[in-house]
Amino acid sequence: MSLPERPGRTEWRLSRAETIAREIERKIIETALPDGSRLGTKEDLRQEYGVAVGTVNEAVRLLEMRGVVSAKPGPGGGLFALRTPSHVRVNHLILGLRENGVASAQCLAVRDALEEPILMDAAVHRTDEDLADLRRLLERMDEQRGDAAGFLRANWAVHRRIAQITPNAVLRVIYTTMLDMIENEIEEVSSDALFTASKTFRIHVALVDAVESQDQARVRRAVRRHSPPTAVIN
């Protein structure tokens, strides 16, 4: 059979291989497949989803990277389910919320609650390369001040890059998924939704400065400052 389309505005962003990988993850999680359960061969998957060999290979590569399946060659080989990592399970729980149309305001509230631990982790673990990336993203944000949608995307790119620094996979998955769900509402931002771009930009510079300083008190102050009244520009 060919791969069914799932409703929702986020699906267009996914490659065919990523969509197949998520379908297989969903199957493993929702049916509680025991560790070592055989899922079939790559050819079985190719026929089931009606895609090219290269697409199946990419989907399997994604699943192996996430620790969801193992691939064994030769007679009796194929794809075998592994004990699903906790961060993959959390991600699927959140994706279920997304498909049920959870309001972006609720996602923003969760994102805000996680802001301090994300920034604290970033301050502890940041490298020179992380800081250089963040400075480049701030420059891009500064360049987009005249375009509301572009400014928002650049804004969230800064937050997403900060989140990449934490070694806590569960915290990172929840936080970035909240960002994804909020960003999915970007088409609802009109030219009337004006904001003080200079102030917002300075707030985000302060966040990065706090991460660079590794000063916990400074991080907390930057997080408190990062709570403007108009949440959509946050």
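Quick caveat: nothing in here was measured; it's all calculated off a predicted structure. Worth knowing before you read on, the calculation uses all heavy atoms, side chains too, and leaves out hydrogens, waters and symmetry mates.
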For the student: nearest non-hydrogen atoms of [X] and [Y], plus distance:
{"X": "V223", "Y": "L207", "answer": "N-CD2, 4.1 Å"}
{"X": "P117", "Y": "A113", "answer": "CD-O, 3.9 Å"}
{"X": "A17", "Y": "A59", "answer": "O-CB, 3.5 Å"}
{"X": "F80", "Y": "G36", "answer": "CD2-O, 3.4 Å"}
{"X": "S198", "Y": "R145", "answer": "OG-NH1, 2.8 Å"}
{"X": "F201", "Y": "F151", "answer": "N-CZ, 4.2 Å"}

State the [atom1]-[atom2] distance between [X] and [Y], to the nearest 0.5 angstrom.
{"X": "T200", "Y": "M141", "atom1": "OG1", "atom2": "CE", "value": "6.5 Å"}
{"X": "D147", "Y": "R153", "atom1": "CG", "atom2": "CZ", "value": "7.5 Å"}
{"X": "R16", "Y": "T55", "atom1": "CZ", "atom2": "OG1", "value": "8.0 Å"}
{"X": "D142", "Y": "R140", "atom1": "CG", "atom2": "CZ", "value": "12.5 Å"}
{"X": "L63", "Y": "L79", "atom1": "CG", "atom2": "CG", "value": "8.0 Å"}
{"X": "K72", "Y": "R38", "atom1": "NZ", "atom2": "CZ", "value": "10.5 Å"}

With sequence neighbours left out, what residues match D121 under side chain to side chain donor-acceptor pair (under 3.5 Å)?
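Here the qualifying residues are T166.
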Are [Y] and [X] connected in a single hydrophobic cluster, I mean Ile/Leu/Val/Met/Phe/Trp/Tyr linked by side-chain heavy atoms less than 4.5 Å apart?
{"X": "I20", "Y": "L62", "value": "no"}
{"X": "V124", "Y": "L131", "value": "no"}
{"X": "L39", "Y": "V53", "value": "no"}

Find out whether R161 and D130 are in side-chain contact, i.e. whether some heavy atom of one side chain is under 4.5 Å from a heavy atom of the other.
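R161 vs D130: side chains touch.
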Answer whether the closest heavy-atom distance between the side chains of Y49 and I24 falls below 4.5 Å.
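They are in side-chain contact.
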For D209, which of R126, R135, R202 qualifies under salt bridge (Lys or Arg N to Asp or Glu O under 4.0 Å)?
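When R126, R135, R202 are each tested with D209, the salt bridge (Lys or Arg N to Asp or Glu O under 4.0 Å) holds only for R135.
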For D35, I'd like to know if atom CG has over 12 heavy atoms of other residues, nucleotides or ligands within 6.0 Å.
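It does: D35 CG has more than 12 such atoms within range.
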Does Q216 CD have over 12 foreign heavy atoms under 6.0 Å away?
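Not buried by this count: 12 neighbours or fewer within 6.0 Å.
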SB check [X] [Y] (cutoff 4.0 Å):
{"X": "R111", "Y": "E115", "value": "yes"}
{"X": "E18", "Y": "R22", "value": "yes"}
{"X": "R220", "Y": "D215", "value": "no"}

Could you check N155 against H159 for side chain to side chain contact (heavy atoms under 4.5 Å, CB included), going step by step and ending with a plain yes or no?
CA-CA 7 Å; N155 179 338; H159 287 285; 3.2 Å; yes
Evaluate side chain to side chain contact (heavy atoms under 4.5 Å, CB included) for V219 paired with V211, printing each intermediate quantity in order.
CA-CA 7 Å; V219 169; V211 168; 5.5 Å; no
Aromatic rings H226 and H204: how do their planes relate, parallel, tilted or perpendicular, breaks at 30° and 60°?
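The rings of H226 and H204 stand perpendicular, inter-plane angle above 60°.
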So which pairs with a foot in residues 51-60 pass salt bridge (charged side-chain N to carboxylate O under 4.0 Å, His left out), sequence neighbours left out?
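Counting only pairs at least two positions apart or across chains, the salt bridge (charged side-chain N to carboxylate O under 4.0 Å, His left out) contacts touching residues 51-60 are E58-R61.
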Verify, without hydrogens or angle tests, whether E64 (side chain) and S70 (backbone) share a donor-acceptor contact under 3.5 angstrom.
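Absent.
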